2 protein chains.
Amino acid sequence: MFSIGDLSRRTGVKVPTIRYYEQMGLVAAPERSEGNQRRYSRQELERLAFIRHARDLGFAVEDIRALIDLSGHPEQPCGHADKIAQEQLLSVREKIAQLKRLEAELERIATCCDGRTVGDCYVIRALSDHALCADEHV
Amino acid sequence: MFSIGDLSRRTGVKVPTIRYYEQMGLVAAPERSEGNQRRYSRQELERLAFIRHARDLGFAVEDIRALIDLSGHPEQPCGHADKIAQEQLLSVREKIAQLKRLEAELERIATCCDGRTVGDCYVIRALSDHALCADEHV
DNA sequence: GTAATTCCTCTAGTCACTAGAGCTTCAAGA
DNA sequence: TCTTGAAGCTCTAGTGACTAGAGGAATTAC
C-alpha cells in the first residue's frame with residue numbers, strides 16, 4: 001500500500017496533480033486509511049506511471065482517457081490506439097516545423113542588433129515592422 | 001479611424017482578443033464613438049501589429065509589455081530588448097529539442113504496432129511499460 | 001426605413017495544473 | 001506514551017492567453 005506521497009515519488013507526478021487526476025476520473029478513487037488518507041495498490045501505481053508516460057509524450061488528457069479505456073479491453077482491435085498515436089506524432093511534427101520557422105526568424109532578429117540605443121535596436125524595429133521579416137511565420 | 005473589426009481584419013488579431021489586450025493594459029483604451037464603440041488610430045493599429053508579431057514569435061505577454069515599454073524610450077540602451085529576444089531564442093531551441101525527442105519515441109511507438117488486438121498493441125504496451133522506451137524523454 | 005451586421009458589457013469556460021488556507025493524521029524519536 | 005514535524009485532507013481560487021455565449025445597442029448598406 002502506497003500513500004499519495006509514495007506514489008508521487010515513484011511516478012514523478014506531483015501530489016496535487018494526482019488528486020486532480022482523481023477528480024478528472026483519470027485514476028479511480030483509491031481505498032482510504034482509517035484516518036481518511038489515500039492508500040494505493042501496485043495496480044494504481046502502474047496506471048499513474050502510464051499516465052505520466054503518456055503526458056510526457058504530449059498526449060492530451062482526453063487521449064489518455066481513451067487509451068486507458070482501450071487497455072481495459074485487450075480483445076478489441078487496436079486501430080484506435082494506433083490512430084491516437086499517429087495523430088500525436090503528426091501534431092508533434094507540426095509543432096517542430098512551426099518552431100523551426102520561429103527559430104530562424106528569432107536568430108535573424110536577435111543576432112543583427114548592433115545598435116546602441118532602443119531607437120535603432122534591430123529587435124524593436126523588426127517587431128515594429130513586419131516587412132523586415134524574411135518570410136511569413138504562422 | 002478604425003473600428004475594432006477593421007483592426008482585427010488588418011492585424012489578424014481576433015476582436016475579443018483585442019478587448020482582452022486592452023483589459024490587460026497591453027494596448028491603451030482607445031477613443032469611443034458617440035455610440036460608445038472603440039475607434040482606433042493608425043498608431044494603435046501599429047502597436048497591435050507589433051503585439052501580433054511578437055506573439056507569433058512566441059513572446060509571452062509580459063515580454064511584450066517590456067518590449068513596448070522599451071520602444072517608448074528610444075534613447076535607452078537596447079541591451080534589455082536584446083536579452084529578451086535571446087532568451088526567447090533559447091527557449092524555442094529547447095522546445096525544439098524536447099519535441100524531437102518526443103518525435104523519435106512516438107515514431108518508434110506508432111510504427112511498430114503490428115498486433116491485431118489491444119492486448120498485444122505496441123502503443124499500449126509501450127505506454128504501460130516505460131522500460132520499452134529507448135531513452136528517457138523529459 | 002429596415003434589416004443585417006457589427007459592436008457593447010459581462011460572466012463563465014478552456015487546459016492542465018498550481019498555490020494557499022486551515023485543519024487532521026501519521027510516523028519516528030525521546 | 002508523548003510529542004513534534006512531516007505529510008495528508010478539503011476547499012477555493014489563480015495561472016496564461018484567450019474563447020464562447022447571453023442579451024442588448026449601434027452602425028451600415030440597400
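What you see below is based on every heavy atom in this structure, not just the backbone, and it leaves out hydrogens, waters and symmetry mates. Keep in mind that what you see is a predicted model, and the values were worked out from it rather than measured. The sequence lines fix the lettering, A, B, ..., with proteins before strands; numbering per chain opens at 1.
Here Arg10(A) does not pair with Asp6(A) in a salt bridge; the nearest charged N to carboxylate O distance is not below 4.0 Å. Ion pairing between Arg38(A) and Glu31(A) fails under the 4.0 Å rule for side-chain N and carboxylate O. A salt bridge between Lys95(A) and Glu103(B) is absent, with no side-chain N of the basic residue lying under 4.0 Å from a carboxylate O of the acidic one.
Within the 4.0 Å cut-off from OP1 or OP2 of dA17(D), not a single side-chain nitrogen or oxygen of Tyr21(B) is found. For Arg38(A) and dG8(D), the shortest distance from a side-chain N or O to OP1 or OP2 is not below 4.0 Å. OP1 and OP2 of dA7(D) both lie 4.0 Å or more from every side-chain N or O belonging to Ser3(A). When the side-chain nitrogen and oxygen atoms of Arg32(A) are compared with OP1 and OP2 of dT10(D), one or more of them lie within a distance under 4.0 Å.
In the hydrophobic clustering of ILVMFWY residues, with side-chain heavy atoms under 4.5 Å counting as a link, Ile4(A) and Met1(A) come out apart.
Between Ile18(A) atom CD1 and dG8(D) atom C1' there is a gap of 12 Å when expressed in whole angstrom units. When rounded to the nearest whole Å, the span between CG of Leu7(A) and P of dA7(D) equals 15 Å. At whole-Å resolution of the value, CD1 in Ile4(A) and C1' in dA6(D) are 15 Å apart. If you measure from atom NZ of Lys14(B) to atom P of dG21(D), you get 12 Å, rounded to the nearest angstrom. In this structure, CD of Gln23(A) is placed 11 Å from C1' of dT12(D), rounded to the nearest angstrom. Computed from coordinates, the Glu62(A) CD to dC15(C) P distance equals 7 Å when rounded to whole Å. The distance from atom CD of Glu31(A) to atom P of dC9(D) is 14 Å, rounded to the nearest whole Å. Atom C1' of nucleotide dC7(C) and atom OH of Tyr40(B) are separated by 11 Å, given to the nearest angstrom.
Comparing dC9(D), dA16(C), dC18(D) against the side chain of Arg55(A) picks out dA16(C) as the nearest. Closest to the side chain of Ser33(A), out of dC9(D), dA17(D), dC26(C), is dC26(C). Picking from dC17(C), dC9(D), dC18(D) the nucleotide with the shortest atom distance to the side chain of Tyr20(B) gives dC18(D). Relative to the side chain of Arg39(A), the nucleotides dC7(C), dC26(C), dC9(D) differ in distance, and dC26(C) lies closest. For Gln37(B), counting side-chain heavy atoms from C-beta on, the closest listed nucleotide (dA26(D), dC9(D), dT19(D)) is dA26(D). Considering only side-chain atoms of Ala60(A), the nucleotide from dC9(D), dA16(C), dC18(D) that sits closest is dA16(C). With distances taken from any side-chain atom of Arg19(A) to the nucleotides dC18(D), dT10(D), dC26(C), the minimum falls on dT10(D).
Arg9(B) comes within 4.0 angstrom of nothing in the nucleic acid, heavy atoms only.
Each of Val61(B) and Gly35(B) was matched to the nucleotide of DNA chain D holding its nearest heavy atom; the match closer to the 5' end belongs to Val61(B). Each of Asn36(A) and Pro16(A) was matched to the nucleotide of DNA chain C holding its nearest heavy atom; the match closer to the 5' end belongs to Pro16(A).
Contact check for Tyr40(A) versus Ile18(A): side-chain heavy atoms found under the 4.5 Å cut-off.
Annotation: Arg42(A), atom CZ; neighbour count of heavy atoms from other residues, nucleotides and ligands within 6.0 Å does not exceed 12.
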